[in-house]
Amino acid sequence: MTTDNTLLPLFDVLFDDEGLEEETSIDTESAELTTASSLNPSHQAASVDQSRLSPTVYLGTGGYSDTDMLGTLYPTGTKKTDFLAEYAKQYGAVEVNSTFYAPIGQKAFAGMLRKSDAKVRFAVKLHQDFTHARTGSPEHALAFIEALKPIIEADCLAPLLLQFPHGFDRTQAHRLYLAQLVGWFSDYPLAIEFRHASWHVPQVIDSFRAQGLIWCSVDYPKVQGLPPSRFILTQSEASSGNRIGYLRMHGNNLQWWEAMSASDRHDYRYTVEEMQGWAQAIANQRQHFDELYVFFQNSVNAHAYYNIAMLREALTALNFKVL
């Protein structure tokens, strides 16, 4: 793990401002799904290894404690302490969001491992000190990783997630901080979500590819102020023996900015047609990943339960292994 302040190659690339002004003019009303190959035409010419066309897709939700899932994912009457055990019967991965708000210790992660019978992979969201307050340090990073030891040793760790707020734009200071932050977690798969459009430019995508970082693709609502929805894969065989993709499904609630809470913001159920569209977008890029994690954030009103079933059916029909 890198713990000094040496400028990383990532920073050198992200610091290149050539052409930045015109490249950051992005139509945030557009919902066109953009693939990594369309951002880098050289990918289209790459030969396809037919032995790697059977990737695994892990489906799950953002957190597993939403009581709105009672009566669907969780049988009526299930105690909250038993939610994860029930969750593990149906889904192969979960995105742990509670770590964003408060630290979780080894004992808690060991409990998650036990309740899930080590059948679930845990994607863990980094604490807000790293992304929102930006007061993180190498020592904080080491402590965060130390708490994850039970799931790391059980080989149940999915990518760590860095979710930056809309106000985290592509300034020099933010690029330097990002480079340092990436260094602190360099021994682990790291997915990064940017909500400011200034990061959604080709040179940033290329820098992710060069550094072996995971671009966190997101389906955003089609509202002004959010980037367009894109499915981008950045890990190659050269940067990672196991190429990982990461996709977060936020829904299309057009009241995103007016919502009073996260659950209100994600109050949206995808249609069958929308899920089939995403399944096809994933299938079009199957040669570029070995594992894909798809996490639905719309567990309010059990939307995620129904949408995961839709996507599972569509992906299974396209010959994916779905967990």
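All residue numbers refer to positions in the sequence shown, counting from 1.
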Write down the atom of [X], the atom of [Y], and the distance for their closest heavy-atom approach.
X	Y	answer
G71	T76	CA-OG1, 3.6 Å
L226	P221	CD1-CD, 3.8 Å
I214	P189	CD1-CB, 4.1 Å
T78	E86	CG2-CG, 4.1 Å
R121	D155	NE-O, 4.4 Å

Spacing of [X] atom [atom1] and [Y] atom [atom2] [to the nearest 0.5 Å]:
X	Y	atom1	atom2	answer
L162	I192	CG	CD1	5.5 Å
T61	Q90	OG1	CD	11.0 Å
S137	Q180	OG	CD	11.0 Å
R269	N307	CZ	CG	7.0 Å
L84	R114	CG	CZ	10.5 Å
H127	I104	NE2	CD1	10.0 Å

Centres of the [X] and [Y] rings: under 6.0 Å?
X	Y	answer
Y246	F295	yes
Y293	Y58	yes
H132	F100	yes
F168	W199	yes
F130	F185	yes

Any donor-acceptor N or O pair under 3.5 Å, side chains [X], [Y]:
X	Y	result
D267	H303	yes
H174	D169	yes
R195	H166	no

Flag the pair [X] / [Y] as yes when at least one side-chain heavy-atom distance between them is below 4.5 Å, and no otherwise.
X	Y	value
V57	P55	no
Q163	C216	no
L126	L160	yes
I152	Y188	yes
C156	L113	yes
D219	F231	no
K115	T81	yes
L311	V322	no

Mark yes or no for whether [X], through its side chain, and [Y], through its backbone, hold a donor-acceptor pair below 3.5 Å.
X	Y	value
R312	I308	no
T234	L213	yes
S198	R170	yes
R286	L318	yes
E291	I244	no
S116	M112	yes
D129	G136	no
E153	P150	no
S299	F296	no
S217	I232	yes

What's the verdict on side-chain contact (heavy atoms from CB on, under 4.5 Å) for D68 and N301, showing C-alpha distance, side-chain angles and the deciding distance?
-> CA-CA 5 Å; D68 278 19; N301 293 322; 3.9 Å; yes
Parallel, tilted or perpendicular: rings of [Y] and [X] (30°, 60°):
X	Y	result
F194	F164	parallel
Y220	H250	parallel
Y87	Y91	perpendicular

In sequence, state the C-alpha distance, the side-chain angles, and the governing distance for T67 and K80, and then conclude on side-chain contact (heavy atoms from CB on, under 4.5 Å).
-> CA-CA 8 Å; T67 55; K80 290 194 73 171; 4.2 Å; yes
side-chain contact (heavy atoms from CB on, under 4.5 Å) evaluation trace for L161 with R248 | CA-CA 11 Å; L161 173 65; R248 304 185 84 208; 3.7 Å; yes
Candidates L247, V204, L233 - the one meeting side-chain contact (heavy atoms from CB on, under 4.5 Å) with W215 | V204
What do the steps show when you test I282 against F320 for side-chain contact (heavy atoms from CB on, under 4.5 Å), and what is the final call?
-> CA-CA 10 Å; I282 291 169; F320 281 94; 3.9 Å; yes
Any chain of hydrophobic side-chain contacts (each under 4.5 Å) joining V300 to M275?
-> no
Cationic N near anionic O, under 4.0 Å, D82 to K79 = no
CD (E313) with more than 12 external heavy atoms under 6.0 Å = no
Evaluate side-chain hydrogen bond (donor to acceptor under 3.5 Å, both in side chains) for Q297 paired with Y268, printing each intermediate quantity in order.
-> CA-CA 10 Å; Q297 309 301 316; Y268 180 84; over 6 Å; no
Step by step, work out the salt bridge (Lys or Arg N to Asp or Glu O under 4.0 Å) result for E95 and K125.
-> CA-CA 7 Å; E95 185 182 86; K125 191 173 184 179; 5.9 Å; no
